Amino acid sequence: MAEKRILKVAIIGAGMSGLCMAAKLQDAGIDTFTVFEQADEVGGTWRDNTYPGLSCDVPSRFYSYSFRPNPGWSRFMSPGPEIHSYFQQVATERGIRRHIRFGTEVRSARYRDGQWCVGTDDGEEVFDVLITATGVLRVPRYPDIPGLDTFAGPSFHSARWDHSISLPDKRIGLIGTGSTGVQISAELGGKVRGLKIFQRTAQWVMPSPNVRYSRFTKAAMRRWPVLNRLGYRFWQFYIENMLGRAAVEPCFQRGLMQWLCRVNLRFSVRDPDLRRRLTPDYQAMCKRQILAGHYYQAIQKPGVEVVSEAIDHVQPNGVVTADGTLHVADLLVLATGFDARAYVRPMEIVGENGLTLDEAWEDGPRAYRSVAVPGFPNLFMLMGPHSPIGNQSLVMIAENQADYAMWWINQIRDGRVVAAAPTEAATKNYNEEMKAAMPQTVWMTGCKSWYLGKDGLPELFPWTPIRHRELLSTPRTDDYEVRTA
Ligand code: NAP
């Protein structure tokens with residue numbers, strides 16, 4: 001039997017997907033990997049986002065690694081700090097931390113002489129395989145509102161929450177009503193001196209009660225692990241076949257989602273004027289679907305106001321809307337989203353023949369089956385371009401992508417393959433098939449969202465997550481340019 005190669009693998013990012021990849025490498029008996037992490041702790045988005053009300057709107061039972069169920073989840077959809085602590089525990093339990101170089105930002109990665117040369121401020125190091133696990137929404141987007149920098153009070157982005165500031169005595173101006181803005185409003189509504197929510201575009205809200213698990217449930221989950229697995233499978237089935245299908249094809253589920261959102265709005269908001277202002281002029285799920293338990297209740301509490309007039313400018317004591325009204329504020333929170341185009345970069349990634357990722361992605365991020373890019377051998381991406389993100393469990397998506405990368409890593413380790421990258425032709429075909437399927441998706445039914453790329457097409461996977469899993473579970477070597485020894 002041929003001896004297995006000792007492979008050096010570099011993982012960029014110690015968030016949910018980087019930790020997942022590390023665990024998969026360990027399970028395959030590969031201990032020669034390094035995780036580069038620019039921050040000083042694991043957790044990625046769950047480390048960086050700490051805003052009040054932060055939670056995950058995907059059921060926790062399903063938003064967990066399949067290889068590490070958590071019987072102790074406190075709620076159906078657990079709060080952010082608990083999710084962060086889950087990922088911290090996984091890193092500790094599995095001994096992944098000793099592989100992590102904290103405080104080390106990768107500046108460049110160049111493919112040279114069949115290896116990846118990873119550059120940090122500490123110098124360069126070579127690896128056989130490179131995995132990017134840098135997340136999707138990492139770089140905060142600050143709004144371009146005239147006078148924003150003249151505001152006299154504190155002001156920060158939702159992903160950079162300043163916890164030194166006390167909230168109950170503040171009149172807060174909250175800009176943005178995406179998933180983040182809605183969670184903040186639901187938490188702060190009625191608990192602060194004033195809350196003005198500046199809504200540029202109304203959002204559909206799907207009712208989503210968030211039950212607390214009893215001690216009995218947690219004990220039962222611990223005692224009978226099969227219950228946890230059943231919970232995982234149940235929510236996987238539901239989310240993939242309900243939200244997953246509704247997003248990508250006109251179907252009964254899409255109609256049902258729309259109906260549920262309408263009924264929720266109709267019965268939760270009594271004031272016809274407010275209801276009119278909260279009614280979107282596009283289909284449910286066109287923007288990222290909001291799932292929230294008590295958003296509508298929170299915004300109708302005393303001291304809370306939804307301002308749907310456009311913002312004109314900010315001045316030292318508050319926000320002035322187009323109708324000339326001054327909305328006095330002591331604190332401004334910018335829940336204005338993230339730069340989705342900052343994907344993987346700003347680090348410089350250089351593949352074969354000096355091709356940079358910036359050049360390869362001049363017209364927008366493109367990949368083969370969301371994981372690999374032509375001209376970049378032995379590079380695999382977790383949450384790469386056109387991953388089925390939307391309202392899915394990104395944990396499961398990352399696992400599928402990590403398993404796919406593992407398939408190739410095993411080929412390389414066993415000596416069957418030296419280097420592999422998808423062909424231009426296969427990648428082009430795949431992207432053309434996706435493009436042809438896009439008009440069926442709900443994301444193209446007439447709204448603006450961060451899902452849409454430069455060409456106006458969604459940067460998402462236009463089929464169900466089930467198809468994505470199938471595509472990744474059957475690697476096609478014909479679609480690859482494979483170099484053997
Ligand atoms: P987002 O969805 O991009 O929403 C940004 C909000 O800010 C929108 O309401 C947008 O209005 C508004 N906005 C942006 N610039 C503005 C300006 N200049 N003036 C006024 N309003 C402005 O960002 P997000 O809410 O942070 O969510 C980003 C993503 O993070 C989500 O789509 C989701 O993928 C993820 N997320 C997930 C969860 C979860 O529970 N799983 C929770 C939070 C976030 P327009 O709609 O008019 O553009």
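As the structure is a prediction and not an experimental result, all values here were calculated from the model. Nothing fancy with the numbering, it's 1 onward along the sequence. Start at 1 and go down the list; that is how both ligands and their atoms are numbered.
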Is the contact between F338 and ligand 1 made by the side chain, the backbone, both, or neither, using heavy atoms and a 4.0 Å cut-off? side chain
Just let me know how A159 lines up against ligand 1, side chain, backbone, both or neither, with a heavy-atom cut-off below 4.0 Å.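 The answer is neither; A159 stays 4.0 Å or more away.
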For [atom], what is the nearest protein heavy atom, given as residue, atom name and distance?
atom: atom 4 (O) of ligand 1; result: G178 CA, 3.7 Å
atom: atom 47 (O) of ligand 1; result: T201 OG1, 2.4 Å
atom: atom 36 (N) of ligand 1; result: S179 CB, 4.0 Å
atom: atom 31 (C) of ligand 1; result: R288 CD, 3.3 Å
atom: atom 18 (N) of ligand 1; result: P143 CB, 3.4 Å
atom: atom 17 (C) of ligand 1; result: R200 NH1, 3.4 Å
atom: atom 40 (O) of ligand 1; result: D57 N, 2.9 Å

Tell me whether R222 contacts the main-chain N or O of P71 through its side chain, where contact means a donor paired with an acceptor under 3.5 Å.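 The answer is no, because no donor-acceptor pair under 3.5 Å joins these two groups.
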Do Q236 and S393 have a side chain donor and acceptor closer than 3.5 Å? no
Is a donor from one side chain sitting under 3.5 angstrom from an acceptor on the other, for Q401 and S387?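 Yes, S387 and Q401 have a side-chain donor paired with an acceptor closer than 3.5 Å.
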Q203 N/O to ligand 1 N/O under 3.5 Å: no
Determine, considering heavy atoms only, which of [options] sits nearest to [atom].
atom: atom 27 (O) of ligand 1; options: I184, I311, T180, L137; value: T180
atom: atom 20 (C) of ligand 1; options: I175, L54, L174; value: I175
atom: atom 8 (C) of ligand 1; options: D144, T177, I145; value: T177
atom: atom 7 (O) of ligand 1; options: A335, G337, C447, G181; value: A335

Going by an N to O cut-off under 4.0 Å, is there a salt bridge joining [X] and [Y]?
X: D455; Y: R366; answer: yes
X: D363; Y: K454; answer: no
X: R276; Y: D273; answer: yes

Identify the two heavy atoms, one from P365 and one from R345, that lie closest to each other, and give their separation to 0.1 Å.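 Heavy-atom minimum between the residues: CG-NH2, 4.4 Å.
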Quick one: salt bridge (Lys or Arg N to Asp or Glu O under 4.0 Å) pairs with a partner in residues 229-241, sequence neighbours left out? E240-R469
Can you sort out which atoms of ligand 1 are near [X], meaning under 4.0 Å from one of its heavy atoms?
X: K287; answer: 45 (P), 46 (O), 48 (O)
X: Q183; answer: 40 (O), 42 (C)
X: G176; answer: 6 (C), 7 (O), 9 (O), 12 (C)

Would you please determine whether [X] falls within less than 4.0 Å of ligand 1 on a heavy-atom basis?
X: F198; answer: no
X: R141; answer: yes
X: Y51; answer: yes

When you look at [atom1] of [X], are more than 12 heavy atoms from neighbouring residues, nucleotides or ligands closer to it than 6.0 Å?
X: F67; atom1: CZ; result: yes
X: K301; atom1: NZ; result: yes
X: D323; atom1: CG; result: yes

Residues that Q26 engages under side chain to side chain donor-acceptor pair (under 3.5 Å), provided they are two or more places apart: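 Listed in chain order: R94.
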